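The structure appears right after this line, and notes come after that.
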Protein chains: 2
Amino acid sequence: MGDELRVSQADIFKALAHPVRLQILQMLQQGERCVCELVAEIETEQPNISRHLAILKKDGILGCRKDGLKVMYWVRDRRAFKLLELSREMLKSYWQEKSGVF
Amino acid sequence: MGDELRVSQADIFKALAHPVRLQILQMLQQGERCVCELVAEIETEQPNISRHLAILKKDGILGCRKDGLKVMYWVRDRRAFKLLELSREMLKSYWQEKSGVF
DNA sequence: TTACTATATTCATATATAGACATATAATTA
DNA sequence: TAATTATATGTCTATATATGAATATAGTAA
């Protein structure tokens, strides 16, 4: 199957370290989506979306399956969403510090 | 002060996306450390450590202060450790899947 | 079979990142 | 002041990453 999954901790963060990939994950919070739905909402070319999906898959974040002409992608481990949530909260604290609350 | 902090969500993950930086954070789990302590334990040159520290600081993960000749660094938001912990747990699940538990 | 739709891949190129090595700076001590 | 220690920075180079544009592939429908 060639479906090797030799991933490091740094690879997980690397996979998340791009705005388009974060947007993809956000869209997958409510369940699986086909590539065309992602392409419709995300402001970049289809080949780019495919490439970013491939990265997220290679690093074990996404799974996918064919459904006719479409390919459906989903997030394999909900803890990935927890990572997004935590980092969002961290950013919020950054703002508060800037305005002197901290 | 030039201490601007214009950081995106992707920047946070980018900051964590390197094994040396992960090792630094791990060493800072028990509190602040000076650069020389990090250099003593991490298998890379001092200038590299300094640069990785600069990246972590720029992206808001670390704070630092001078203490005589030394510079002490610490993790500003304990949620950063939670990110490490979650990603470690995700990796563990990856293994289990490989060995067919999943 | 041909045409069409959804997705992936190749190629070329631009930009970012990492590390080696040398050097600079700042605080301390002699 | 000069020497020493701890840390940061500059330069160069290698490698990785991201993207546009074109093209390939797979499944479906006619």
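Keep in mind that what you see is a predicted model, and the values were worked out from it rather than measured. Worth knowing before you read on, the calculation uses all heavy atoms, side chains too, and leaves out hydrogens, waters and symmetry mates.
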Pull out every residue in residues 45-52 of chain A that has a heavy atom closer than 4.0 Å to any atom of DNA chain D, ordered by number, or say none. A:E45, A:P47, A:N48, A:R51, A:H52
Test of understanding: with salt bridge (charged side-chain N to carboxylate O under 4.0 Å, His left out), list the residues that count as partners of B:E89, not counting sequence neighbours. A:R79
Who passes salt bridge (charged side-chain N to carboxylate O under 4.0 Å, His left out) against B:E37, sequence neighbours left out? none
So if I take residues 10-43 of chain B and measure heavy-atom distances to DNA chain D, which residues fall below 4.0 Å? B:C34, B:V35, B:C36
For B:E85, salt bridge (charged side-chain N to carboxylate O under 4.0 Å, His left out) partners two or more places apart: B:K82
Check whether any side-chain heavy atom of A:L16 lies under 4.5 Å from a side-chain heavy atom of A:L83, and answer yes or no. yes
Where at least one partner belongs to residues 25-65 of chain A, residue pairs that pass ring pair (Phe, Tyr, Trp, His ring centres under 6.0 Å), sequence neighbours excluded: A:H18-A:H52
Taking side-chain contact (heavy atoms from CB on, under 4.5 Å) as the definition, give me every residue that meets it alongside A:V39, ordered by chain and number, with sequence neighbours left out. A:V35, A:Q46, A:I49
Can you check whether B:L56 reaches B:I24 side chain to side chain, under 4.5 Å on heavy atoms? yes
Hey, does B:L53 have a side-chain heavy atom less than 4.5 Å from the side chain of B:V71? no
Check the interface with nucleotides 25-30 of chain D: list each N/O to N/O pair with the protein under 3.5 Å, or write none.
none

With sequence neighbours excluded, tell me which residues meet salt bridge (charged side-chain N to carboxylate O under 4.0 Å, His left out) with A:E45. none
In this structure, how many angstroms lie between the C1' atom of D:dT9 and the CD1 atom of B:I55, rounded? 13 Å
5' to 3' on DNA chain C, which nucleotides open and close the contacts with chain B (atom under 4.0 Å from a heavy atom)? C:dT17 to C:dT28
Figure out the NZ/C1' separation between B:K70 and D:dA8, and round it to whole Å. 17 Å
Hey, what do you get for OH (A:Y73) to CD1 (A:I61), rounding to the nearest 0.5 Å? 14.0 Å
Name all residues meeting the side-chain contact (heavy atoms from CB on, under 4.5 Å) criterion together with B:L91; count only those two or more places apart in sequence or in a different chain, and write none if there are none. A:V7, A:Q9, A:I12, B:Y94
Hey, could you give me the NZ/CG distance between A:K92 and B:D77, rounded to the nearest 0.5 Å? 12.5 Å
Here the salt bridge (Lys or Arg N to Asp or Glu O under 4.0 Å) pairs for residues 13-35 of chain A, sequence neighbours left out, are A:D11-A:K14, A:E32-A:R65
